[in-house]
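Order of the sequence lines fixes the chain letters, A, B, ..., with proteins taken first and strands second; residue numbering starts at 1 for each chain.
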Amino acid sequence: MTTHLVWFRNDLRVNDNLALAAACRDPGARVIGIFIATPLQWRKHEMSPRQAEFIWQHLQSLHAALAERGIELFVRQADGFDDCVGFLQNFCETQKVDALFYNYQYELNERQRDAAVEKVLSPGVVCQGFDDSVLLPPGSVTTGNHEMYKVFTPFSRAFIKRLNEGLPECVSAPQVRKTTMPEPQKLTVFDYPCQPIDPNLFPCGEKQAINQLRLFCRQSVVDYAQQRDFPAIDGTSRLSAYLAVGVLSPRQCLHRLLKEHPQALEGGGGAVWLNELIWREFYRHLLVAYPKLCRHQPFISWTDNVTWRQDDAQFVVWQQGRTGFPIVDAAMRQLSSTGWMHNRLRMVVASFLVKDLLVDWRQGERYFMSQLIDGDLAANNGGWQWAASTGTDAAPYFRIFNPTTQGERFDGKGEFIRQWLPELSRVPDKHIHTPWVWAEKQSLTLDYPRPIVDHKQARITTLAAYEAARKS
DNA sequence: AGAAAATTGGC
DNA sequence: CCAATTTTC
């Protein structure tokens with residue numbers, strides 16, 4: 001009997017899992033799965049304790065879902081990616097594995113690890129990888145010159161054209177297999193700090209994720225275009241965490257969207273959310289086309305000449321949400337309390353760190369990874385490079401958000417701010433974005449800091465710093 | 001996916 | 001004078 005091994009990584013689901021489906025295609029084969037925790041590597045990559053918890057929870061539900069189908073899932077631990085190689089070699093020997101199936105991860109360390117694994121296992125074990133975490137394979141959407149698009153809008157246009165020529169189809173969850181299965185055993189916990197997740201925000205389970213996707217596409221996706229910028233409104237899909245660890249696939253998102261709104265591909269209802277899915281693809285495709293993005297390098301080289309301010313005190317104040325700018329602080333507290341931040345606010349706090357405090361965007365990128373339940377290198381790096389004006393199709397360097405104006409525009413009445421900054425509860429709506437002005441008028445002291453920078457001055461300083469870097 | 005300054009065009 | 005629009009950073 002042949003044995004097929006599915007190596008699970010960022011694809012913790014049974015539905016629409018290309019590697020799993022391929023491994024199960026031969027009804028006679030024995031199919032087993034493995035997940036290898038790599039705490040050392042996770043630490044290096046700054047994986048957040050909430051994402052670790054999210055992975056842990058979904059390993060348990062995946063373990064159960066696979067067991068029901070006659071597929072045993074082994075959860076094991078190695079230290080770093082290097083250790084996976086020998087580990088898998090051993091595992092394949094003892095389990096008499098004939099073929100390995102896995103879904104690609106596109107980050108550099110991950111790709112190097114996979115190459116090393118394939119080298120060690122072949123030709124004894126036939127290895128097969130799949131483009132599973134994207135709608136279209138990286139490198140398959142290119143300009144006339146067969147180059148990766150560097151600007152989003154033409155990329156998106158070409159992408160949608162490709163989708164119109166033929167959609168990537170979903171594959172179903174594997175059937176129950178006839179092979180006998182050992183009694184499922186309790187999973188051993190991996191050696192990485194975990195942090196509790198609010199089950200109301202991120203319910204655990206593939207079924208719950210699919211349900212959330214259905215509800216969003218049915219009820220909210222049309223309003224997404226109007227509502228997504230207002231953090232006090234629950235107007236976003238909040239599916240990023242499921243996409244990040246692969247409890248959902250982008251194909252499932254696309255098909256569910258088109259089922260409810262067939263016009264989304266023609267710019268109709270739901271098109272704005274579709275574009276967000278395409279942003280996710282854009283950043284993944286870029287990561288493959290430009291490996292330097294995995295190496296802490298900016299896309300636009302001259303931005304590396306900016307003299308960043310090395311001010312740990314201000315960086316910590318930003319992390320803690322005590323900058324004195326209410327919208328920034330509320331957002332930072334939402335992040336540390338829940339592991340998630342509204343996308344509009346990600347732009348606001350990133351712009352503030354980089355262009356008001358002039359802190360190196362890589363410090364912000366790292367901190368986000370250490371906190372986000374939906375941490376994903378491509379999207380997070382893309383977002384930070386966008387905000388810092390160091391990336392492809394990024395905001396021009398002179399585009400600097402005014403944190404007060406952003407608050408006024410997107411949280412006018414301060415509903416979101418009040419939710420996270422109870423110390424401002426007494427401040428009237430009119431002054432919620434400038435509490436220091438109100439406190440002065442009332443001649444009282446708030447348990448809330450004054451702004452740590454003068455935005456107007458900071459703006460001038462930052463413009464000069466970028467300007468100097470550009471000319472050097 | 002900006003903001004502030006400068007200019008225009010209505011009165 | 002003042003709001004709308006354009007230009008500049």
| note | Rounded to whole Å, the CZ-P distance (Phe352(A) to dG2(B)) equals 17 Å
| request: Report the distance from atom NZ of Lys471(A) to atom C1' of dC9(C), rounded to the nearest whole Å. | output: 11 Å
| said: Between Arg362(A) and Glu365(A) (salt bridge meaning N to carboxylate O under 4.0 Å), is one present in this structure? | reply: no
| task | Take the protein atom CZ of Arg399(A) and the nucleotide atom P of dA5(B), then report the distance between them rounded to whole Å. | result | 18 Å
| Should we say atom CZ of Arg43(A) is surrounded by more than 12 heavy atoms from elsewhere, each under 6.0 Å from it? | yes
| said: Using the side-chain heavy atoms of Asn402(A), tell me which of these nucleotides is nearest: dA5(B), dA3(B), dG2(B). | reply: dA3(B)
| query | Taking atom C1' of dA3(B) as reference, at what distance in whole Å does atom NZ of Lys456(A) sit? | reply | 12 Å
| Base, sugar-phosphate, or nothing: which does Gln406(A) touch, judged by heavy atoms less than 4.0 Å apart? | sugar-phosphate
| query | What integer distance in Å separates Tyr466(A):OH from dC9(C):C1'? | reply | 14 Å
| task | Find out whether the Lys NZ or Arg CZ of Lys355(A) is both under 6.0 angstrom from the six-membered ring centre of Tyr466(A) and within 45° of the ring's axis. | result | yes
| query | Would you call Arg344(A)-Asp229(A) a salt bridge at under 4.0 Å N-O? | reply | yes
| message | By the 4.0 Å heavy-atom rule, please label Arg346(A) as base, sugar-phosphate, or nothing. | response | nothing
| said: It should be established whether Arg409(A) places a side-chain nitrogen or oxygen under 4.0 Å from OP1 or OP2 of nucleotide dA3(B). | reply: yes
| Integer-rounded Å distance: dA3(B) C1' and Phe401(A) CZ | 10 Å
| Once you round it to whole Å, what is the distance between C1' of dC9(C) and NE2 of His455(A)? | 12 Å
| said: Just N and O in the side chain of Arg344(A): are any of them under 4.0 Å from OP1 or OP2 of dG2(B)? | reply: yes
| task | Using a 4.0 Å heavy-atom cut-off across all strands, classify Arg470(A) as base, sugar-phosphate, or nothing. | result | nothing
